[in-house]
There are 2 protein chains.
Amino acid sequence: MTTQPAGTPAPRRNPLSKELVLRTAVTLADEAGTGAPSMRRLAERLGVESMSLYHHFRNKDVILDGMVDLVFAEIELPSDDVEWRAAMRQRAVSMRGALIRHPWAISLMDSRSSPGHATLRHHDAVIGCLRSGGFSIAGAAHALSLLDSYIYGFTLQELSLPFRSPVELEDVAGPILEQIPRDKFPHLTEMIVDRALKPGYAYTEEFGIGLDLILDGLQRQRESWP
Amino acid sequence: MTTQPAGTPAPRRNPLSKELVLRTAVTLADEAGTGAPSMRRLAERLGVESMSLYHHFRNKDVILDGMVDLVFAEIELPSDDVEWRAAMRQRAVSMRGALIRHPWAISLMDSRSSPGHATLRHHDAVIGCLRSGGFSIAGAAHALSLLDSYIYGFTLQELSLPFRSPVELEDVAGPILEQIPRDKFPHLTEMIVDRALKPGYAYTEEFGIGLDLILDGLQRQRESWP
DNA sequence: GGTTCAGCCTTACGGCGTAAGGCTGAACTG
DNA sequence: CAGTTCAGCCTTACGCCGTAAGGCTGAACC
């Protein structure tokens, strides 16, 4: 609660802080699931009118920037007391976790352009870990590009699929399969049927398979990059 | 342009068609670069009022679905007279091309849920190519997930970076570098400086490096997946 | 005691998606 | 032929949105 010590109507009511506004915005976005909250709803939750927010933020874009940076702040930095491979794996898992916890974050990122402090610190730590692990500058750039691409892309697809578990998959896949001429997309239907029948299928497992394949490749190429 | 063929028995004053509306929507989105056009602007370009569009589409969402499907229709299907690896490489390059030509497409995809005809055909062809190449169902699923994740993620990052060429990179990186305490993110600044000075750096090359690493890994694992 | 100014509010504008319902004229019915 | 239907388009209106312009209040400083 942001209440005032029950004394007077007169003392300065405790002012907004960028911190508080951004944390509230993240909370609202998480609750709604429909992306960033409107300025009106955000202000309402803060017990304030929407225009008051413009005294602390030039426009909505810098609020979105701040929200994205808060998400980056949640990602575990790679620890330096571990091999680069283990550190990168942990970082990837942590990053996917953060992006899944805040499903609006990925969609926001591609419209953002000025990275925040936590974002920069994150990238710096990742590059540093790779460099310590024996990667050249170019090699670290390749590894970073590849890993981040995979993490973003995997999570993007995970979030866009309309089911979260195999049970729901069956519910979703059933109607689609019936609606589609079955012999028109034979490979697709075959795969859906096959995967839907496997009760153990889960995103986390699939994520790990691709991730390990990439890490294997990086390990193999590490010293061949100039 | 959109005139009726002379022979048709029922020549209404030339009506809108879903085809035309969707193609116009894609064109407008490409022109503006700001995502999907509003119903009002789309109608205006078609010489019509916005509400008329609702006679052909239940709501805006199905227009967005159609736009995404048009983008998928642009992606070359893997040709069956080529090795799976070459086919997958070509498909990846073509897909990145389509996503770059229509920068709004990726952001739309994660809010869409019902795939169109071209999308289904595309997935079916890719899976079929992998199956013919010796992948098991599970293996094809892994390969598809990995490749698509990489393509989506790479393109997402490429589109979100605020520069298109090394020259622009320098323009962008310069101010950032000055603004940031240089010794606070040493690895990051080192990498930016290093990459910015290399005139040959380009997205296409970077995309290929990660892609080939993934294809190598897939080739190696192909027969080890159940 | 007067001035300044951070912090909040009010009002208003143009844009958005779309619900509800009206008009028009071609195509079919008898 | 007149009468009916209905696809195709338009008008109006509602409640959202981001934010420009400007006003009020009271604490802090000279």
Side-chain angles (χ1 to χ4, degrees), chain A residues 2-5 7-22 24-25 28-29 31-68 104 107-108 111-114, chain B residues 1-22 24-25 28-29 31-68 104 107-108 111-114:
Chain A
T2 61
T3 51
Q4 196 75 8
T8 74
R12 202 99 177 126
R13 36 188 158 186
N14 49 6
L16 299 176
S17 70
K18 300 205 177 198
E19 253 304 290
L20 176 62
V21 172
L22 292 179
T24 307
L28 276 177
E31 285 175 13
T34 29
S38 73
M39 297 297 273
R40 286 171 166 85
R41 290 205 195 291
L42 176 54
E44 185 186 32
R45 174 67 69 104
L46 289 161
V48 130
E49 297 301 315
S50 69
M51 289 313 288
S52 306
L53 298 172
Y54 287 90
H55 258 270
H56 304 270
F57 301 90
R58 194 162 5 87
N59 54 37
K60 187 171 187 176
D61 262 7
V62 334
I63 293 188
L64 300 184
D65 283 340
M67 292 172 68
V68 167
W104 42 267
S107 3
L108 246 49
S111 56
R112 247 75 310 282
S113 59
S114 62
Chain B
M1 281 284 217
T2 63
T3 50
Q4 205 77 4
T8 47
R12 212 74 166 156
R13 58 175 160 174
N14 54 5
L16 299 175
S17 70
K18 299 202 177 199
E19 253 303 292
L20 177 61
V21 172
L22 291 179
T24 306
L28 277 177
E31 286 175 12
T34 28
S38 73
M39 297 296 273
R40 286 170 166 86
R41 287 207 196 291
L42 177 53
E44 185 185 32
R45 174 68 69 103
L46 289 161
V48 130
E49 297 300 315
S50 68
M51 289 313 288
S52 306
L53 298 173
Y54 287 90
H55 257 269
H56 305 271
F57 301 89
R58 194 163 5 89
N59 54 38
K60 187 171 187 175
D61 262 6
V62 335
I63 293 188
L64 301 184
D65 284 340
M67 292 172 69
V68 168
W104 41 269
S107 1
L108 282 190
S111 54
R112 258 43 347 259
S113 60
S114 62

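Quick caveat, the model's predicted, so the values are computed rather than measured. Below, each value reflects all heavy atoms present in this structure, side chains not excepted, and no hydrogens, waters or symmetry copies. Below, chains carry the letters A, B, ... as their sequence lines are ordered, and counting in each starts from 1.
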Nearest heavy-atom neighbours spanning B:Leu22 and B:Ile63: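 Heavy atoms of B:Leu22 and B:Ile63 come nearest at CD2-O, 3.5 Å.
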Measure from [atom1] on [X] to [atom2] on [N] and round the result to the nearest Å.
X       : N      : atom1 : atom2 : value
B:His55 : C:dA20 : NE2   : P     : 14 Å
A:Leu64 : D:dT19 : CG    : P     : 9 Å
B:Glu49 : C:dG22 : CD    : P     : 18 Å
B:Tyr54 : C:dG21 : OH    : P     : 17 Å
B:Met51 : D:dA7  : CE    : P     : 17 Å
A:Leu46 : C:dG7  : CG    : P     : 15 Å
B:Leu53 : C:dA19 : CG    : P     : 14 Å
B:Met39 : D:dC9  : CE    : P     : 13 Å

Do the charged groups of B:Glu31 and B:Arg41 touch, with an N to O distance under 4.0 Å?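 Salt bridge between B:Glu31 and B:Arg41, a charged N being under 4.0 Å from a carboxylate O: no.
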Taking any strand in view, what nucleotide pairs with D:dG23 in a Watson-Crick or G-U wobble way, both distances under 3.5 Å?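 Its partner is C:dC8 (Watson-Crick or G-U wobble, both distances under 3.5 Å).
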Approximate separation, where rounding is to 0.5 Å, of [X] [atom1] and [Y] [atom2]:
X        : Y        : atom1 : atom2 : value
A:Ser107 : B:Leu108 : OG    : CG    : 11.0 Å
B:Arg58  : B:Asp65  : CZ    : CG    : 9.5 Å
B:Met39  : B:Met51  : CE    : CE    : 8.0 Å

Pick the nucleotide of DNA chain D nearest each of A:Ser50 and B:Ser50; which residue has the one closer to the 5' end?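 Closest to the 5' end, via its nearest nucleotide, is B:Ser50.
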For C:dC8 and A:His56 - does any side-chain N or O of the residue sit under 4.0 Å from the phosphate oxygens OP1/OP2?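 Answer is yes, contact under 4.0 Å.
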Would you say B:Ser52 places a side-chain N or O within less than 4.0 Å of OP1 or OP2 belonging to D:dC10?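 True: B:Ser52 side-chain N/O within range (under 4.0 Å) of D:dC10 OP1/OP2.
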Filtered N/O pairs between nucleotides 13-15 of chain C and protein, under 3.5 Å:
none

May I ask you to decide if B:Gly66's main-chain N or O and B:Arg112's side chain share a donor-acceptor pair within less than 3.5 Å?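 Not at all, since once roles are kept as given, no pair shorter than 3.5 Å links the two residues.
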For the backbone of B:Val48 and the side chain of B:Ser52, can you confirm whether one donor and one acceptor N or O come within less than 3.5 Å of each other?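 No; zero donor-acceptor contacts below 3.5 Å.
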